[in-house]
Amino acid sequence: MKISASSPRFCSQLVAVAFFLVVLSSAAGAAEAPLRSRIYVYDLRTHSSKLVFTADTIWEAPNWSHDGTCLISNSGGLIYKLIFKADGTVQAPVKLNIPHDYDCNNDKAISPDGAKLAFSASRGDDGSEVFLADPDGSNIRQITNVSPSYFHGWSPDNKTLAYVAQRRAGGDQYDIYGQPTAGGNETRLTSNPHHDDGPDYSPDGKWIYINSDRSGKEAVWRFPATGAGENDARAEMVVSDSMEDWFPHISPDGKKLVYIAYPASTQTHDPRDVHIELKLVAIENDKASKSQKVLVQATGGQGSMNVNSWAPDSMRFAYFTYETLP
């Protein structure tokens, strides 16, 4: 039967096609555009960045080895080692021995003594959990047993992992937790009803630095490594500027803090195609300076500097920028 343009059946089919196209277009928009990833190393002595790695796929969150010989980074659910060459660039990435059924995200770091690798990954339909492995990715042991859990920091004595997690008993927000690497129960370290993220220990083990929106915007806070106390009374804000401040990282010598600043009113750290600033704050006598110095302005965000990326010499740090491919 021929369908005329004025028939109800034609109209209903036209509506269905239009709806399908809208859904298809929305799905395509939700998928992340292909990106070029670049690792740079910023040197505080020369006040400049050196390009050390480029890939036309998404790579994330560089972390420096304890001996300074390599970076680790993740891409496509896998974690790789990138060994430095004499000219300061890196060799071709070498995949760690983590099996492919571990879908690794960008939260990972080598322990201060270089003996272990902590990382976060999902397996099957399970949410993100925290795992420990040898530095080459072998001998994996699961640390957390409740998801979602995202690793972020090692204690300087290598005995405790700090991570951000959402727990049913804790409400809808993400809080900071700690757990011994030897095994045992997790300890809830913050309880404020706002979102906390990015825990990173100070090198003396005294503080855990985080970003939190408890002041009304993302800012850098810290609390004693033993916990923020009742109603988080022991937590204190140490850095807040006109932007959204995420992922504070303390240098190994304890004298510097670098963090990533997103444009004001950016709701999450998910976009990686926004103007970001990497800012430096001096720490003297256990106090953070009230001023910040902009070191880098770039296009980036998620994956640029999620975990501690300081070199052992405390004079360099690594970061990613992103560029949309043609």
Side-chain angles (χ1 to χ4, degrees), residues 61 63-68 72 107-120 130-133 135 141 143-144 149-165 174-192 196-212 219-230 232-239 246-259 280-289 305-317:
N63 171 250
W64 223 297
S65 64
H66 78 296
D67 59 5
I72 60 169
D107 300 321
K108 76 284 180 190
I110 300 170
S111 60
D113 64 3
K116 291 293 180 181
L117 167 72
F119 67 96
S120 302
V130 178
F131 300 87
L132 269 185
R141 177 165 58 90
I143 296 296
T144 58
S149 303
Y150 298 92
F151 163 81
H152 270 276
W154 281 93
S155 64
D157 63 3
N158 309 284
K159 293 182 179 180
T160 307
L161 302 179
Y163 52 94
V164 58
Y174 280 84
D175 293 310
I176 308 303
Y177 290 79
Q179 189 164 338
T181 56
N185 296 325
E186 66 181 17
T187 300
R188 188 181 182 186
L189 300 176
T190 65
S191 59
N192 187 282
D196 297 335
D197 207 341
D200 201 38
Y201 280 88
S202 59
D204 60 7
K206 181 179 178 180
W207 300 100
I208 293 177
Y209 286 76
I210 63 171
N211 62 271
S212 177
V220 177
W221 290 68
R222 72 179 184 181
F223 58 86
T226 54
E230 186 175 0
D232 284 11
R234 301 168 72 191
E236 57 186 51
M237 186 168 64
V238 293
V239 177
W246 284 80
F247 301 133
H249 303 306
I250 314 301
S251 59
D253 64 8
K255 297 180 180 180
K256 312 169 192 74
L257 180 154
V258 67
Y259 66 96
L280 182 74
V281 176
I283 300 177
E284 297 182 9
N285 300 319
D286 206 29
K287 298 291 185 181
S289 171
M305 201 173 63
N306 293 58
V307 293
N308 196 306
S309 61
W310 281 100
D313 63 10
S314 296
M315 297 304 294
R316 296 168 294 160
F317 63 87

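T144 is linked by a side-chain hydrogen bond (donor to acceptor under 3.5 Å, both in side chains) to E129, counting only residues two or more places apart in sequence or in another chain. With sequence neighbours left out, the salt bridge (charged side-chain N to carboxylate O under 4.0 Å, His left out) criterion links D107 to no other residue. Checked against side-chain contact (heavy atoms from CB on, under 4.5 Å), A115 has the following partners two or more places apart in sequence or in another chain: S111, D113. Among residues two or more places apart in sequence or in another chain, the ring pair (Phe, Tyr, Trp, His ring centres under 6.0 Å) test is passed with W221 by none. When the side-chain contact (heavy atoms from CB on, under 4.5 Å) test is applied to P112, the partners found at least two apart in sequence or on another chain are W154, N158. For Y259, the side-chain hydrogen bond (donor to acceptor under 3.5 Å, both in side chains) partners two or more places apart in sequence, or in a different chain, are D241. Applying the side-chain contact (heavy atoms from CB on, under 4.5 Å) rule to R188 yields the partners Q173, D175, Y177, S191; only residues at least two apart in sequence or on another chain are considered. Take S202 and apply the side-chain hydrogen bond (donor to acceptor under 3.5 Å, both in side chains) test, not counting sequence neighbours, and it matches D204. Take W310 and apply the ring pair (Phe, Tyr, Trp, His ring centres under 6.0 Å) test, not counting sequence neighbours, and it matches F317. The salt bridge (charged side-chain N to carboxylate O under 4.0 Å, His left out) search around D313 returns R45, R316, not counting sequence neighbours. Every residue two or more places apart in sequence or in another chain that forms a salt bridge (charged side-chain N to carboxylate O under 4.0 Å, His left out) with D286 is listed here: K206, R222. For D196, the side-chain hydrogen bond (donor to acceptor under 3.5 Å, both in side chains) partners are T190, S212, R214, not counting sequence neighbours.
D197 has its side chain within reach of F247: a pair of non-hydrogen atoms, C-beta onward, lies under 4.5 Å apart.
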Note to self: For a ring pair (Phe, Tyr, Trp, His ring centres under 6.0 Å) check, start with the C-alpha distance between F151 and Y163, then their side-chain angles and the critical distance, and finish with the verdict.
What the structure shows: CA-CA 4 Å; F151 163 81; Y163 52 94; 8.4 Å; no
